[in-house]
2 protein chains.
Amino acid sequence: MDQPSPPRPAVMIDVARLAGVSHQTVSRVLNGHPSVRSETRERVLTAVRQLNYRPNALARGLAGRRSRVLGVVSFDTILYGPAATLLGVERAARAAGYGVSIVTLEQLDHDGVGDALSALAEQSVAGVVIIAPFTNTAAALRSLPTGIPAVVVEAGTSGALPAISVDQVAGARLAVQHLLTLGHATVWHVRGPQNWREARDRESAWRSTLEEAGATVPPAIDGDWSARSGYEAGLRLAGDPRVTAVFCANDQQALGLLRAFHERGVRVPDDVSVVGFDDIPEAEFMSPPLTTIRQDFDEVGRRCLGMLLDLLDAPPDLLGEAYPRVAPALVARASTGPARS
Amino acid sequence: MDQPSPPRPAVMIDVARLAGVSHQTVSRVLNGHPSVRSETRERVLTAVRQLNYRPNALARGLAGRRSRVLGVVSFDTILYGPAATLLGVERAARAAGYGVSIVTLEQLDHDGVGDALSALAEQSVAGVVIIAPFTNTAAALRSLPTGIPAVVVEAGTSGALPAISVDQVAGARLAVQHLLTLGHATVWHVRGPQNWREARDRESAWRSTLEEAGATVPPAIDGDWSARSGYEAGLRLAGDPRVTAVFCANDQQALGLLRAFHERGVRVPDDVSVVGFDDIPEAEFMSPPLTTIRQDFDEVGRRCLGMLLDLLDAPPDLLGEAYPRVAPALVARASTGPARS
DNA sequence: AACGCGGCTGTGAACGCTAACAATCGTTCT
DNA sequence: AGAACGATTGTTAGCGTTCACAGCCGCGTT
């Protein structure tokens, strides 16, 4: 006689027996196969509920082709953008009935990405989302013949890979034009790390926007996304009377910059205007509240997943440029103002 | 005749054939079984390399008992602590040869946790780490007879569940005592959301530390971890001459508070000292740099994983309180100073 | 000289599910 | 009326591993 709550969780055959059908019929019901008499379907569903049956995803993946798990390759640092994107992807995946397995990389190099992908392939993920917007990611991926459908996030115009990204060029242009419109003769730039695609895109858009406006292009200051690097940049910029407007490649750097300016008695926005990038939740509460470029990471995650799902059943790679960039937006706050007269 | 790069990835039997052994011997080599002649082992490993064989985790999980995947239940907001902990767990898991599947919850309630756990159970994870330090998480978990080994992060002294946490009480005490030592008559508190275990722990430690010191205990101000809530608290506190020291339940709230004080002309630390909690990377670059309590989330993640792995082969729950709390540390910066004389 | 034992390897059967095909039945078409 | 058809269900065979149980070998024992 069976115990009411057996140690072993119910499997499909248990459900089948209880419902008086074959295990295949149970499978059909579970997978929404059309040709099952509705009375039978009900009987099966009742049995499922009664036994608290949950299909085993491992067996499912092994038997059929597709697993209902997606892989996400992210990396090892807590940066707002990637973290927010990951969340967006996960949420969208869950909504679509997929699980999410993550791998973070410490190495940004070829092997790192390769290993991550292998680890995911081992788990038979149906597809992967790669949130690793380094300039060399695309190259690394191209040389990996894993055959898993993949979507790259934020990789910009890298080429042959399906990618979703925020329009970095438009964002940087928004920032620079905002400052120029306020009457600043030129705009300085604290850029992000050079191995990041986005950093390069922002920098080059900054440069070309200035050039188009006929403004002189000051040298870019190096940064690495961290507040500390922004702080150091701020210390260098603080003494220079030519500096009236600074565009930071992200909000953390802007925070550090603000700190340095504050220390050195540079008033923002009276002496210098500052614009950031990302619109992290804290931006509104910096001193002063930071004007910045908002990126909708949630939307990125969502589109990214949509694209991956399309990729899963649409075999060809004809999807090329069908997916438009996500548009960034300027959020004007108190850190920017008219140029000193 | 086989193509050199077949569309179908190699499976164990392919390796076996190439090495001239049985599939079982291949399995033995892969799992480090002792009784394989070293010459045979070499032969198999060579074949593995040659075919670029990777064992199928799905089949492995199905056939054997254990899958090499752990689940992490997190939730839907980008908060520094949980994000950092997740990263720590993932890193530790990867080091131990485990994959990580994540599920985020939007609902904090019983069903939310239950669904998350079911989703993970479906994937046959070997164990789960739950990063959801709500006060009701413990209750929700106890009522779930899923039978999966689980470790809860940051759940404090909740009781019957294996848990790893930073010593919130010690942390809050550190903060309050730091301020009292500086000569402040009492310390105000902007607390976190009441459904968070940690928020309650910090609040009650704040209260008891004040009481022990014979200081009056002002009413706690509500917050929800966000900078905005800190800002609002700051606006309320700014007018009050009795307020000379504020302990914020996290750094974001402290940021908002600083912003509000700045707006209202309250000088920090001259008029009011402020202490935060977490030591987010930005804390050092706030205006002024924030004195705060550092939590080592990476260590939390690591211990958490260690505990889970112990739990996996050590069946009994005799591990109870064997795992000590992670000690927090005071990081003194410029936002605190002596009381006004 | 036969026995037994330990190191090494192979065989068959799960694991829980889906895919492909076969079987059954009541209809509908010619 | 006989056959073919569509809807519904069952049967059999894997998916790629590990597990349990044999085999085989050569050596030291009795």
Could you tell me the separation between the CG atom of Leu86(A) and the CD1 atom of Ile102(B), rounded to the nearest 0.5 Å? 4.5 Å
Among Val36(A), Val21(A), Thr40(A), Val44(A), exactly one meets side chain to side chain contact (heavy atoms under 4.5 Å, CB included) together with Arg28(A). Which residue is that? Val36(A)
Bending between helix ends of the helix from dA1(C)-dT30(D) to dT30(C)-dA1(D) [5 pairs per end, 10° resolution]: 50°
Whole Å only: how far is the CD atom of Gln123(A) from the C1' atom of dC15(D)? 18 Å
Which heavy atom in Leu311(B) sits nearest to a heavy atom in Pro149(B), and how many Å separate them? CD2-CB, 4.2 Å
If only side-chain N and O atoms count, and only distance matters, is there a donor-acceptor pair under 3.5 Å linking Ser101(A) with Ser101(B)? yes
Can you tell me how far C1' of dC15(D) sits from CE of Met12(A), to the nearest Å? 15 Å
The correct set of residues in residues 37-48 of chain B placing a heavy atom under 4.0 Å from DNA chain C is Arg37(B), Thr40(B)
Report yes or no: do Arg94(A) and Thr104(B) form a side-chain donor-acceptor pair below 3.5 Å? yes
Using a 4.0 Å heavy-atom cut-off, does Thr25(A) contact any base of the nucleic acid, only the sugar-phosphate backbone, or nothing at all? sugar-phosphate
May I have the distance from Ile13(B) (atom CD1) to dT11(C) (atom C1'), rounded to whole angstrom? 11 Å
Measuring from atom OH of Tyr53(A) to atom CD1 of Ile13(A), what distance do you get when rounded to the nearest 0.5 angstrom? 10.5 Å
Is there side-chain contact between Val72(A) and Ile131(A), with at least one heavy-atom pair below 4.5 Å? yes
Dump the pairs, protein N or O against N or O of nucleotides 19-21 of chain D, anything under 3.5 Å, distances to one decimal.
{"unit_1": "dC19(D)", "atom_1": "OP1", "unit_2": "Arg66(B)", "atom_2": "NH2", "d": "3.4"}
{"unit_1": "dC19(D)", "atom_1": "N4", "unit_2": "Gln24(B)", "atom_2": "NE2", "d": "2.8"}
{"unit_1": "dA20(D)", "atom_1": "N6", "unit_2": "Gln24(B)", "atom_2": "NE2", "d": "3.0"}

Output yes when at least one side-chain N/O atom of Ser35(B) is less than 4.0 Å from OP1 or OP2 of dG7(C), else no. no
Please give, in whole Å, the distance from dT9(D) C1' to His33(A) NE2? 11 Å
With side chains defined as the heavy atoms from C-beta onward, is the minimum distance between Ser27(B) and Met12(B) less than 4.5 Å? yes
Using the side chain to side chain contact (heavy atoms under 4.5 Å, CB included) rule, pick out the option among Thr85(A), Ile78(A), Leu79(A) that qualifies with Pro82(A). Leu79(A)
To the nearest Å, give me how far apart CZ (Arg68(A)) and P (dT18(C)) are. 12 Å
Within this structure, what is the OH-to-C1' distance between Tyr53(A) and dG16(C), rounded to whole angstrom? 7 Å
How many angstroms lie between atom CD of Glu299(A) and atom SG of Cys304(A), to the nearest 0.5 angstrom? 11.0 Å
How many whole angstroms separate atom CG of Leu62(B) from atom P of dT18(C)? 11 Å
How many whole angstroms separate atom CG of Asn56(B) from atom C1' of dG16(D)? 6 Å
Could you tell me if the side chain of Ser67(A) sits less than 4.5 Å from the side chain of Arg60(A), heavy atoms only? no
